[in-house]
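Position 1 is the first residue of the sequence, and the numbers go up from there. The figures here come from the full heavy-atom set of this structure, side chains too, leaving out hydrogens, waters and symmetry mates.
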Amino acid sequence: MFADRSDLHTEADVEALIADRLLAKLRYPDHAIKRKHSLQKLRIPRGSRTELYRPDYVLYDRREEPAVIFDVKAPSETPDDFRWQVAGYALCINERYEQDNPVRYVA
């Protein structure tokens, strides 16, 4: 819908040609999108150890709270192999809120 598969070689290609276009098509407001370069790396759980990680996007809701953790992978990668990253980041964000779990979705 947004790009030809033959034009997708790297994660950056997927971000520019699919993810950014998808967010624009959904009319997600620019002020509610935080991209990787502005996000804090967090120590997320991976089995018995932890790793530093930050996703490609965090999408904020109308209350200006994080609602969606959104990460992009290169076409050669299998997204299921990295599900723990976005889930772990969402968990770390939600742990910061005592009364609520604002992150409801990971993609």
Side-chain angles (χ1 to χ4, degrees):
M1 178 174 178
F2 297 111
D4 289 334
R5 177 134 173 95
S6 61
D7 294 329
L8 303 173
H9 306 286
T10 66
E11 182 174 320
D13 293 338
V14 177
E15 285 179 29
L17 301 177
I18 294 182
D20 288 341
R21 291 175 179 180
L22 172 64
L23 294 174
K25 179 78 171 172
L26 294 173
R27 295 188 177 151
Y28 217 90
D30 289 338
H31 72 274
I33 302 169
K34 293 218 176 169
R35 288 174 169 76
K36 181 178 237 169
H37 65 274
S38 66
L39 296 172
Q40 177 184 11
K41 283 186 179 182
L42 298 178
R43 230 171 237 296
I44 59 167
R46 184 171 190 195
S48 61
R49 51 192 186 113
T50 62
E51 288 187 16
L52 283 175
Y53 167 77
R54 68 176 163 211
D56 295 307
Y57 305 86
V58 174
L59 309 178
Y60 286 75
D61 62 17
R62 289 186 176 104
R63 299 174 300 173
E64 298 182 8
E65 292 184 347
V68 179
I69 309 300
F70 183 29
D71 201 42
V72 174
K73 295 299 176 196
S76 60
E77 296 177 306
T78 304
D80 281 344
D81 293 343
F82 301 94
R83 186 181 305 250
W84 62 274
Q85 289 178 328
V86 291
Y89 200 88
L91 175 65
C92 289
I93 296 292
N94 281 342
E95 285 177 340
R96 295 177 175 182
Y97 294 80
E98 289 185 27
Q99 303 298 321
D100 192 16
N101 287 324
V103 179
R104 300 238 169 141
Y105 303 100
V106 297

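Atom CG of D81 is surrounded by more than 12 heavy atoms from other residues, nucleotides or ligands within 6.0 Å. By the neighbour-count criterion of 12 heavy atoms within 6.0 Å, atom CZ of R83 is sparsely surrounded, having that number or fewer from other residues, nucleotides or ligands. Counting non-hydrogen atoms of other residues, nucleotides and ligands closer than 6.0 Å to NZ of K41 gives a total of 12 or fewer.
Remark: L39 CG to K34 NZ distance equals 7.5 Å, nearest 0.5 Å. Rounding to the nearest 0.5 Å gives a distance of 6.0 Å between CD1 of I33 and CG of L59. To the nearest 0.5 Å, the span separating OH on Y28 from OH on Y60 amounts to 10.0 Å. Summarising the geometry, atom CG belonging to N94 is positioned 9.5 Å from atom CD belonging to E65; distances are rounded to the nearest 0.5 Å.
Cluster membership for V86 and Y97, using ILVMFWY side-chain heavy atoms within less than 4.5 angstrom, is shared. One hydrophobic cluster, built from ILVMFWY side chains closer than 4.5 Å, cannot hold both Y105 and Y89; they sit in different ones. Hydrophobic clustering (side-chain heavy atoms under 4.5 Å, transitive across Ile, Leu, Val, Met, Phe, Trp, Tyr) keeps L91 apart from V103. There is a path of hydrophobic side-chain contacts, each under 4.5 Å, that joins Y53 to V58.
Annotation: side-chain hydrogen bond (donor to acceptor under 3.5 Å, both in side chains) contacts of Q85 (sequence neighbours excluded): K73.
Cation-pi contact between K25 and F2: absent, since separation from the ring centre below 6.0 Å together with deviation from the ring axis within 45° is not met.
In plain terms, the two heavy atoms of R5 and P75 that are nearest each other are NH1-CB, 3.5 Å.
Using a 4.5 Å heavy-atom threshold, the side chains of V72 and K36 count as separate.
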